[in-house]
2 protein chains.
Amino acid sequence: MMLRAEAKSLMQERILRSADRLFYAHGIQAIGVDTIAADVGISKRTLYNHFPSKADLIRAYLERWSQPPASTELPPAERILAEFDRLERTFSQPSYRGCPFINAVAEAAEPADELTRLAIDFKKARRRWFASCLAELGVPDPERLATQMMLLVDGAVATMLVQGDASIARAARDAAEVLLTAAGVAARRPRVSHGEA
Amino acid sequence: MMLRAEAKSLMQERILRSADRLFYAHGIQAIGVDTIAADVGISKRTLYNHFPSKADLIRAYLERWSQPPASTELPPAERILAEFDRLERTFSQPSYRGCPFINAVAEAAEPADELTRLAIDFKKARRRWFASCLAELGVPDPERLATQMMLLVDGAVATMLVQGDASIARAARDAAEVLLTAAGVAARRPRVSHGEA
DNA sequence: GGAAAAGTATACAGGTCGGTGCAATGATGC
DNA sequence: GCATCATTGCACCGACCTGTATACTTTTCC
């Protein structure tokens with residue numbers, strides 16, 4: 001009824017779902033493989049058959065988070081601001097506990113390990129997403145502004161992690177609007193597009 | 001020759017210096033009390049005579065970092081921007097590894113413990129420092145702008161932790177200048193103060 | 001039906017962790 | 001000098017960690 005490969009990848013998905021929830025909620029170091037196996041409802045031996053070491057599990061956990069943001073059909077300026085709105089919705093989930101990449105780097109004992117590379121790739125991809133929106137807008141220096149957007153996002157993430165107040169996302173959005181406006185983007189009233197070029 | 005109390009606090013200082021270096025460089029969870037005792041050159045028993053548990057040591061470690069930034073005699077606008085310059089110098093130290101409070105919260109297994117309260121107090125104090133500078137400048141909404149400054153600082157700290165590029169501090173400073181200017185602060189050429197109010 | 005694969009439970013190895021007990025040694029204060 | 005305190009080394013505890021070994025049962029494929 002079910003092919004071996006299907007069953008295998010399905011089990012891997014179950015394991016990764018548990019690992020994701022537990023690693024993210026309590027930290028990578030704080031969660032042992034026994035806890036994950038018990039949460040999935042499998043034996044530890046089975047878990048090690050699917051992931052030969054905890055490091056592999058951690059890597060798969062972070063790679064699962066490396067998906068780019070879903071692209072929308074909004075015009076680029078609103079697309080950027082909508083990203084901050086999405087941030088606020090994410091913050092409002094009670095399970096929110098910061099950026100898994102930043103957290104992983106923060107609790108890594110060795111500074112330059114493989115997790116750091118994954119985190120850098122993730123951040124660079126997000127920055128590139130901002131940069132492409134900004135290039136589409138025709139701002140003078142999209143790279144510079146993309147870095148500033150990332151500063152606001154990561155600042156909001158860190159603040160949310162510590163303070164636990166989701167309204168910081170709105171503050172970041174406000175700052176982003178000011179920076180966009182200062183760069184020549186008419187973002188505040190996008191539907192009014194007659195005259196103030 | 002040396003009073004008991006002096007010797008005691010001196011030993012506590014030695015312990016805290018080692019704990020600070022090791023906790024900050026490798027993370028709180030990754031460093032055991034044995035490692036700290038060996039680094040100080042004392043027995044584990046002596047360490048436990050000065051700090052009855054590892055949690056006390058962690059608390060003392062974070063409280064050591066809770067000092068406010070040294071106030072300078074610069075005018076408030078430059079005082080704020082000088083804070084970003086100080087950030088860049090801090091980033092350039094090879095031992096830099098992010099904000100100890102954010103890192104502590106990121107690697108804490110339980111979300112709402114005592115460390116979080118210390119981290120919140122620290123961040124609020126820094127934010128208040130920005131707010132007082134901005135109030136001195138007479139900007140319309142110093143609280144709002146102080147939050148934005150903190151977003152840039154924490155964003156730069158997180159980015160520096162992951163990417164390891166100290167120039168992000170300059171990007172944060174640039175963004176801060178834009179936000180200050182947009183709020184009515186003439187910050188870019190402070191010495192030219194004739195006419196453009 | 002029967003072999004091969006994958007799952008199970010249990011136990012264990014070898015290590016580190018935070019924290020304690022204890023006897024002995026050294027320094028300090030009066 | 002003597003009592004007191006700090007410190008030491010070392011063994012030890014129980015708990016937890018990653019990872020493995022064994023032996024048994026279930027499922028799947030042909």
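- B:Ile102 and B:Met149 sit in two unconnected hydrophobic clusters of ILVMFWY residues. Membership requires side-chain heavy atoms under 4.5 Å apart, directly or through other members.
- A:Lys54 places its NZ atom 15 Å from the P atom of D:dT20, with the value rounded to the nearest Å.
- Spacing between atom CE of B:Met11 and atom P of D:dC5 amounts to 18 Å, rounded to whole angstrom units.
- When the P atom of D:dA6 is taken as reference, atom CZ of B:Arg14 falls 16 Å away, rounded to whole Å.
- Listed by first then second residue, pairs satisfying side chain to side chain donor-acceptor pair (under 3.5 Å) with a partner in residues 148-161 of chain A read A:Lys123-A:Asp154, not counting sequence neighbours.
- Residues passing the ring pair (Phe, Tyr, Trp, His ring centres under 6.0 Å) test with B:Phe91, sequence neighbours excluded: B:Tyr96.
- For A:Arg64 (side chain) and A:Arg59 (main-chain N/O), no donor-acceptor pair under 3.5 Å exists by modelled atom type.
- Remark on DNA chain D: of its neighbouring residues A:Ala30 and A:Pro52, the 5'-side contact belongs to A:Ala30, judged by nearest-heavy-atom nucleotide.
- Separating the CG atom of B:Leu57 from the C1' atom of C:dG19 is a distance of 13 Å, rounded to the nearest angstrom.
- Here A:Asn103 pairs with A:Leu161, B:Ala106 under the side-chain contact (heavy atoms from CB on, under 4.5 Å) rule; sequence neighbours left out.
- By the side-chain contact (heavy atoms from CB on, under 4.5 Å) test, B:Thr35 pairs with B:Leu22, B:Ile31, sequence neighbours left out.
- Residues passing the side-chain contact (heavy atoms from CB on, under 4.5 Å) test with B:Arg128 are B:Lys124, sequence neighbours excluded.
- Of all the residues in residues 15-23 of chain B, not one reaches under 4.0 Å from DNA chain D with any non-hydrogen atom.
- Atom pair A:Phe51:CZ and D:dG19:P shows a separation of 13 Å (rounding to whole Å applied).
- Near DNA chain C, defined here as any heavy-atom distance below 4.0 Å, the residues from residues 31-48 of chain B are B:Ile31, B:Gly32, B:Val33, B:Asp34, B:Lys44, B:Arg45, B:Tyr48, listed numerically.
- Sorted by first then second residue, the ring pair (Phe, Tyr, Trp, His ring centres under 6.0 Å) pairs that include residues 121-157 of chain A, not counting sequence neighbours, are A:Phe101-A:Phe122.
- An OP1 or OP2 oxygen of C:dA6 is reached within less than 4.0 angstrom by no side-chain nitrogen or oxygen of A:His50.
- Listed by first and then second residue, the ring pair (Phe, Tyr, Trp, His ring centres under 6.0 Å) pairs involving residues 9-31 of chain B are B:Phe23-B:Tyr61, B:Tyr24-B:Trp65 (not counting sequence neighbours).
- Here D:dT28 presents its P atom at 13 Å from CG of A:Leu10, a figure rounded to the nearest Å.
- For the pair A:Asn49 CG and C:dA9 P, the computed distance is 14 Å after rounding to whole Å.
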